[in-house]
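Numbering of ligands and ligand atoms starts at 1, following listing order. For clarity, every value in this text was computed on a predicted model and none was experimentally measured.
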Amino acid sequence: MSASAPQTAAGWHARAAAFAPAGDLFIDGDFCPAASGDRFETVNPATGAVLAAVARGGPADVDRAVASGRAAFRGGAWSRCQPRQRMAVLGRFADLIERHAAEFALTDTLDMGKPVTEMMVVDVPLAVLCLRFTAECIDKMQGSVGMTGQDVLSYVLRQPLGVVGCIVPWNYPLLMTIWKIAPALAAGNSVVLKPAEQSPLSALLLARLFMEAGGPAGVLNVVTGFGPEAGMPLALHGDVEKIAFTGSAEIGKLMLVYAGQSNMKKVATECGGKSPHVVMADAPDLEKAAEWAAMGIFGNQGEVCCAGSRLIVERAVADEFTALLKEKALRNHVPGDPLDPATTMGPLVDRGQQKRVLSYIAAGLEGGAACALGGGVPAGLEAGAYVSPTIFTGVDNSMRIAREEIFGPVVSVLTVDSLDEAIAVANDSPFGLAAGIWTGDLGKAHRFARDVEAGMVYVNSYMNGDMQMPFGGWKESGNGRDKCMDSLLSYTQTKGVWVTFE
Ligand code: ADP
């Protein structure tokens, strides 16, 4: 596919009509079917149409992929090559992703439903940026030399781990994958990637481009398939040194169990949240706050780990803010055909997720919350897995819709009377991924940033950031950190070497 992206819905639909993705596993530098020969269908959630029959990987495939990764690692062509060589390959990999931007955009849009424009302006550029940043960090990592006594030299080497298993979700198929594989590969590891069963296709395109960029065979393997069939054997594998996981807290906890049941591999988890987004009465610009709040929960259909799903608003401005929030939702987040470049909101990833989100809406109503906007499937879009932007007011923090991660376009508005109360409500959650506050008072902003239990805090914006900032959570939102230099270091281990002169 050419690099230029269509500018119209008709143009994207023409590309979609010719869409013929790879659907095999990628092991040891080649596409191959699953050992069992089994396949599963991946479906376009906007229409229900089957996109591809994808190889259904199982334990035998995982074994082969891990063996290939281990052989490549021990061979040293990647794990021990000159840093500049690895940087060059990852640089070319980034260039290729950029050149194939339209193909990635089409692939993830068809596979999981997000608007194609979002792919073009968010997912693809951020994936390229992550890869470039991480590649640039490779020769900035250093070991150290100890201040030991005479006739002794002690030094600390920083070395890759071995085979890393990356188990990723479906909400940002390309971007979440790059957040894991970029640092894993940059540090010199081999990777076995298990994409989500709902969105397996862009991972296969990535594997092909990695080879085209000059990556050695066996260094990046992809085993498509279901969690218990392909993900579990990977996480239990004795020759896998680390699992890098993003997904639900329920499965994140299992990763820790699997590590304990096998080889005590390192486990890095990012498990979503129920992030508090606070609006104080002294917010400098309530309209801007409402715009970001709407983006923070309705962007990407609300299928965002750090979505600001609990809006904690000071009572004095609650009515005004809720009215503005409705207005922004209606204007900026309109469900439609994700292949239309003008569309701002697509369907959810599949019918199962739609059902789950609708059941939370029912739970909100049963719990006594008031539905101020949305609350169902948008008219005319019944053929897809759509849910309208939904706002609940009158929510108490003990309600299910305020405690559990919905992972859809549903926000709870809670009212409070002070900053202290806002912080108490914010922290009354098992999760701790992101938090935001809108205030014109510097003291309040810093106090909130200090006291809120979250891995990321935004003051007077939301979900901002750049590659230098760590992305990860506290509490049940997980223990890993993506992006940033720390992420790269987390795919290495140290080795102390003690040399006695004699
Ligand atoms: P979600 O609820 O967002 O779909 P999950 O946590 O179920 O998230 O899935 C995230 C990733 O974990 C996916 O790639 C999925 O296939 C994988 N997965 C699910 N269950 C397991 C499991 N038991 N073992 C290993 N991986 C799993």
> Answer yes or no on whether Lys483 is positioned over the face of Phe133, meaning its NZ or CZ is under 6.0 Å from the six-membered ring centre and within 45° of the axis.
no

> Could you list the atoms of ligand 1 found under 4.0 angstrom from a heavy atom of Met232?
24 (N), 25 (C)

> Donor-acceptor pair, distance only, cut-off 3.5 Å: does the side chain of Arg310 make one with the backbone of Val425?
yes

> Going by atom types alone, do Asp482 and Ser487 pair a side-chain donor with an acceptor below 3.5 Å?
no

> If you have a sec, work out which protein heavy atom is nearest atom 3 (O) of ligand 1 and how many Å separate them, to one decimal?
Trp170 NE1, 3.6 Å

> Against heavy atoms of Val168, which atoms of ligand 1 measure under 4.0 Å?
11 (C), 13 (C), 14 (O)

> Which residue holds the protein heavy atom closest to atom 17 (C) of ligand 1, what is that atom called, and what is the gap in Å?
Ile167 CG2, 3.7 Å

> Tell me which part of Asn171 gets within contact of ligand 1: side chain, backbone, both or neither, using heavy atoms under 4.0 Å.
neither

> Taking only heavy atoms of Met255 into account, list the atoms of ligand 1 that are under 4.0 Å away from them.
24 (N), 25 (C), 26 (N)

> Could you give all pairs that pass the salt bridge (Lys or Arg N to Asp or Glu O under 4.0 Å) test and reach residues 368-394, with sequence neighbours left out?
none

> Does the Arg481 side chain pair with the main chain of Asp486, one donor and one acceptor, at a distance under 3.5 Å?
no

> Any atoms of ligand 1 less than 4.0 Å from a non-hydrogen atom of Gly247? List them with their elements.
6 (O), 10 (C)

> Taking CZ in Arg74 as the centre, count heavy atoms belonging to other residues, nucleotides or ligands within less than 6.0 Å. Is the count above 12?
no

> Indicate, as side chain, backbone, both or neither, the part of Phe245 found under 4.0 angstrom from ligand 1 when only non-hydrogen atoms are considered.
side chain

> Against ligand 1, does Tyr258 come closer than 4.0 Å with any heavy atom?
yes

> Does the side chain of Ser412 pick up a donor-acceptor pair with the side chain of Lys274 at under 3.5 Å?
no

> Which of the numbered atoms in ligand 1 are below 4.0 angstrom from a heavy atom of Gly231?
24 (N), 25 (C), 26 (N)

> Are Lys114 and Tyr172 in a cation-pi setup, meaning NZ or CZ lies under 6.0 angstrom from the ring centre and within 45 degrees of the ring axis?
yes

> May I ask you to list the atoms of ligand 1 that are less than 4.0 angstrom from any heavy atom of Ala196?
14 (O)

> Where do Lys265 and Ala259 come nearest, in terms of heavy atoms and distance?
O-CB, 3.6 Å

> Check this for me - ligand 1, Lys194, N or O atoms closer than 3.5 angstrom, yes or no?
yes

> What protein heavy atom sits nearest atom 20 (N) of ligand 1, and how far away is it?
Ile251 CD1, 3.5 Å

> Using a 4.0 Å cut-off to any heavy atom of Glu197, which atoms of ligand 1 qualify?
15 (C), 16 (O)

> Indicate yes or no: does an N/O atom of Phe407 lie under 3.5 Å from an N/O atom of ligand 1?
no

> Counting heavy atoms only, name the option from Ala249, Gly272, Pro173, Ser248 that's nearest to atom 6 (O) of ligand 1.
Ser248

> Check whether Glu476 reaches the backbone of Phe431 with its side chain - one donor and one acceptor, N or O, closer than 3.5 Å.
no

> Specify side chain, backbone, both or neither for Glu250, according to which of its non-hydrogen atoms lie closer than 4.0 Å to ligand 1.
neither

> Does Glu118 reach the main-chain N or O of Met120 with its side chain, forming a donor-acceptor pair under 3.5 Å?
no

> Can you list the steps and then say if Glu212 with Arg99 is a salt bridge (Lys or Arg N to Asp or Glu O under 4.0 Å)?
CA-CA 12 Å; Glu212 212 173 305; Arg99 210 172 306 151; 5.8 Å; no

> What protein heavy atom sits nearest atom 27 (C) of ligand 1, and how far away is it?
Gly227 CA, 3.4 Å

> Is at least one protein non-hydrogen atom found at under 4.0 angstrom from atom 8 (O) of ligand 1?
yes

